[in-house]
Amino acid sequence: MQQTTTTSGTPSGGPGPSPSAEQWLIRVRGVVQGVGYRPFVHNLAKSMGLSGWVLNDTLGVQTEVRGPVPRLNAFAVALRDDAPLLARVDEVRVEARTSDPAGAGEGFEIRRSTRTAGRSDTIVAPDSHVCPDCLREVRDPADRRHRYPFTNCTHCGPRYSIVKGLPYDREQTTMASFAMCDDCRREYEDPGDRRYHAQPNACPVCGPRLTLSGPGGPLAEADDALAAATEALAAGRIVAVKSVGGFHLAANARDAAAVARLRSRKKRDSKPFAVMVDDLPSAARLADCGTAEAELLESPARPIVLLRKLPGALPEEIAPRNPNIGVMLPSAPLHHLLLDRPGLDVLVMTSGNVSGYPIAYRNEEALEQLFQVADLVLHHDRDIHVRVDDSVVRCSVHPELDEPLVTFLRRSRGYAPYPVEVGEVGELPEPVLAYGAELKTTVALGSGRKVYVSQHIGDLKNDETFRSHRQTADHLSQLYELRPRRIAVDMHPSFRSHVLAGDERPADVVEVQHHHAHMASCMAENRLTGTTLGVVFDGAGYGLDGTIWGGEFLLGGYAEADRVAHLRRIPLLGGDMAVHQPIRTGFALALESLGLPGAATAAFPALRTLGDRERHVYTTMVARGLNAPRVSSMGRLFDGVAALLGVCARAEYEAQGPIELEGLLGRDLALARRPYAFGHEASAADDGPRVIDFRPVVRAIAADLAADTPLATISRRFHTAVVRLVVDRCEEQRAHGGVRQVVLSGGVFLNEFLLVNCLTELRRAGFAAHAHRLVPTNDGGIALGQVMVAGARSRTRPQPPA
Ligand code: ZN
Ligand code: ZN
Ligand code: FE
């Protein structure tokens, strides 16, 4: 960047040529299209008395300005510092300077978009909430957009979910089929108007319309549909609502019967529901809300924020046995309009899907599927091009953290497809496309110093999700005009993403070990380089030896990593069955630790819920290794401990046992004074990985249970033992090889107690410890790591032939 130095003093002289006049050609890169950037440049230039032009092209925004040099300097600074709300300026570069321009010219024009030769380098903006100006119009009975749910302007509204291609123009969005009326067109063409080139601009005369449908067909249109939908919600009915990136299932959160009906129809007994309220004060009546949390709630991305719930504020069945409640503020005018009805101040807003399927985003699929759960479907004729789920974040506070730690549980609407900047150290020699893992999949496209991480896609075992995985990969490549030849995949031979890559030429496919990808992902977003110790705890990932890993200490970098320690392997009774029935893993842990089935049941009353026959069969399975693969998974250890404490015998949703085990701590992050202690087994080979023994911990839990120790105390001692294990292992590794840099990754680190305490305790012990802040620590972050590993290997290995 050449010119963004601040100039002092006010611009001197009137408009027109002066002895020091110059003409500058300036290039602006970043999120600068579809966010009101050109009108901003236009107004800025006019206010400074500069003449010239501005346009959008595939590289971003280009502007040419003429005037006195001090004012040109100030202009360049303002291009970055005063950019509109939704813009994100990565670079302002003066590409050409000409002194004493011929004919200084008058006025400033906004030129038509042009296509620049070569690939597109501009970034599509994520979807954004409705801005205060638009909301005021929606609530003003005298305004022509009164109660119009599709109101938007250049500062707000849908973006990524409606964009089909670049440059970002109306013809390239799902708004192409709506012809603007004269009033809308006037706004659209007036550079002084807030809706100048607002591509989704619309009004009740010319824009999209609501329809309310029942199982028998359409019932009402436009404002009548809205009124009938709110009345139905107030009367305790369940209404599917078409939101920004897909459908929600909505119900009155204060109506316990309505919530119970939603649970039974959705076949969800205990998975927490998120709620939506109109504003911050309403959120504060339901849950504790700190400054950082308030900022997240009100940010343009409008994520679901996990807040500590206030007891009794809402029916317990909204988030049973959970200290948190997921809260979000409206992300579209329609949400405000639903919540405007007196008596309807909190809505359950859960994803609009039927069990096992991704959220519905097309009208046809919603009308076909959602009546299994909903009484009514409130939809409209503005198509969603890309399905985008709600994002979920959490904010952790600890006296030893400089600032609140923001964790993505799901990174999707409002954030995708912002790229992760990996800096010079991670620069990619050629574009790479990564297919992610299997559950909670995302895809990622890396090019240069940017990795575009997609929205959350979901579980690829479902055909519909698998289709959207492929579509998302194609869509990203098409948006950014990249044709990557290199594809990175998980090593697991039966993952569908792996099988998909089998259609490519073998030379182009890079197989990346699951936990190495986790580690590389955390390194990349923290822009780390050099030898790093990766502490990767998750549920399951295919290991280099063909067994399932998940409690791993890896040492290395982007290209390669060695397994230096792992958790002792736990027999997984019935394979995947054990994931759904943690009681099986509880039994396996007890048997491994205490030796005999009788001793196991005597020590752990929770195991008595198993029948004699089951216990006999399980004992045989473990003894003979029949359908009981051994996995070194930390996630399974948490499952098993939760089951042994009687917290969760059968899991209805992923990680329910660990979540409820952590729930016993009530978000109190204090370490236990007398934690349990893991043991170490001698390794088979001298230079082989160290094996961490969980059996002493299980035996100590049995002793605590026998002494009637409260479950919350046992949970805290167990959690603290895992923190100590991490610090001790890292210290031992440092003593041997001197490593000081540690990254924490894997789904187990969604556990707030572990995450925050491992970070702070490692730092206290002198380590440079890092966690995820930009992408999820679970498999949602895998694709980023895969890109980085594939990139590093293409630097160190010969390129595939062209
Ligand atoms: Zn607006
Ligand atoms: Zn109109
Ligand atoms: Fe994983």
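Indexing begins at 1, ligand by ligand and atom by atom, following the structure's order.
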Student: Can you pull out every side-chain hydrogen bond (donor to acceptor under 3.5 Å, both in side chains) where at least one residue sits in residues 406-415? Sequence neighbours excluded, please.
Tutor: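 As it turns out, the side-chain hydrogen bond (donor to acceptor under 3.5 Å, both in side chains) pairs with a partner in residues 406-415, which skip direct neighbours, are Asp390-Arg413.
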Student: Check which protein N, O or S atoms are less than 2.8 Å from the Zn ion (ligand 1) and report how many there are.
Tutor: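 Protein heteroatoms (N, O, S) closer than 2.8 Å to the Zn ion (ligand 1) number 4.
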Student: Please confirm whether Tyr188 and His197 have ring centers closer than 6.0 angstrom.
Tutor: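 Aromatic pair counts; centres sit under 6.0 Å.
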Student: The Zn ion (ligand 2) as vertex, arms to SG of Cys181 and SG of Cys203: angle to 10°?
Tutor: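 With the Zn ion (ligand 2) as the vertex, the angle is close to 110°.
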Student: Is the shortest distance from a Lys or Arg side-chain nitrogen in Arg144 or Glu137 to a carboxylate oxygen in the other one below 4.0 Å?
Tutor: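 Looking at Glu137 together with Arg144, the answer is no, because their closest N to O distance does not fall below 4.0 Å.
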Student: Establish, yes or no, whether a centroid distance under 6.0 Å links the rings of Phe718 and Phe638.
Tutor: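 Ring centres of Phe638 and Phe718 closer than 6.0 Å.
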Student: The Fe ion (ligand 3): which protein N, O or S atoms are under 2.8 Å away?
Tutor: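 As for protein N, O or S atoms lying under 2.8 Å from the Fe ion (ligand 3), they are His514 NE2, His518 NE2, Asp538 OD2, Asp779 OD1.
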Student: Side chains of residues 534-542: which donor-acceptor pairs under 3.5 Å do they make with residues two or more places apart or in other chains?
Tutor:
| residue | atom | partner | partner atom | Å |
| --- | --- | --- | --- | --- |
| Asp538 | OD1 | His515 | NE2 | 2.8 |
| Asp538 | OD2 | His514 | NE2 | 3.1 |
| Asp538 | OD2 | His515 | NE2 | 3.3 |
| Asp538 | OD2 | His518 | NE2 | 3.3 |

Student: Does Arg569 pair with Asp545 as a salt bridge, N-O distance under 4.0 Å?
Tutor: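 Here Arg569 pairs with Asp545 in a salt bridge, since their nearest N and O are under 4.0 Å apart.
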Student: With respect to Asp223, which candidate in Arg209, Arg147, Arg145 satisfies the salt bridge (Lys or Arg N to Asp or Glu O under 4.0 Å) definition?
Tutor: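 Looking at Arg209, Arg147, Arg145, the match for Asp223 under the salt bridge (Lys or Arg N to Asp or Glu O under 4.0 Å) is Arg147.
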Student: Less than 6.0 angstrom separating the ring centers of His498 and Phe495, yes or no?
Tutor: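 No, they do not, as the ring centres are separated by 6.0 Å or more.
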Student: Would Glu187 and Arg194 pass as an ion pair if we require N to O under 4.0 Å?
Tutor: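 Salt bridge between Glu187 and Arg194, a charged N being under 4.0 Å from a carboxylate O: no.
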Student: Would you say the ring centers of His469 and Tyr435 fall short of 6.0 Å from each other?
Tutor: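 Close enough - the centres of the two rings lie under 6.0 Å apart.
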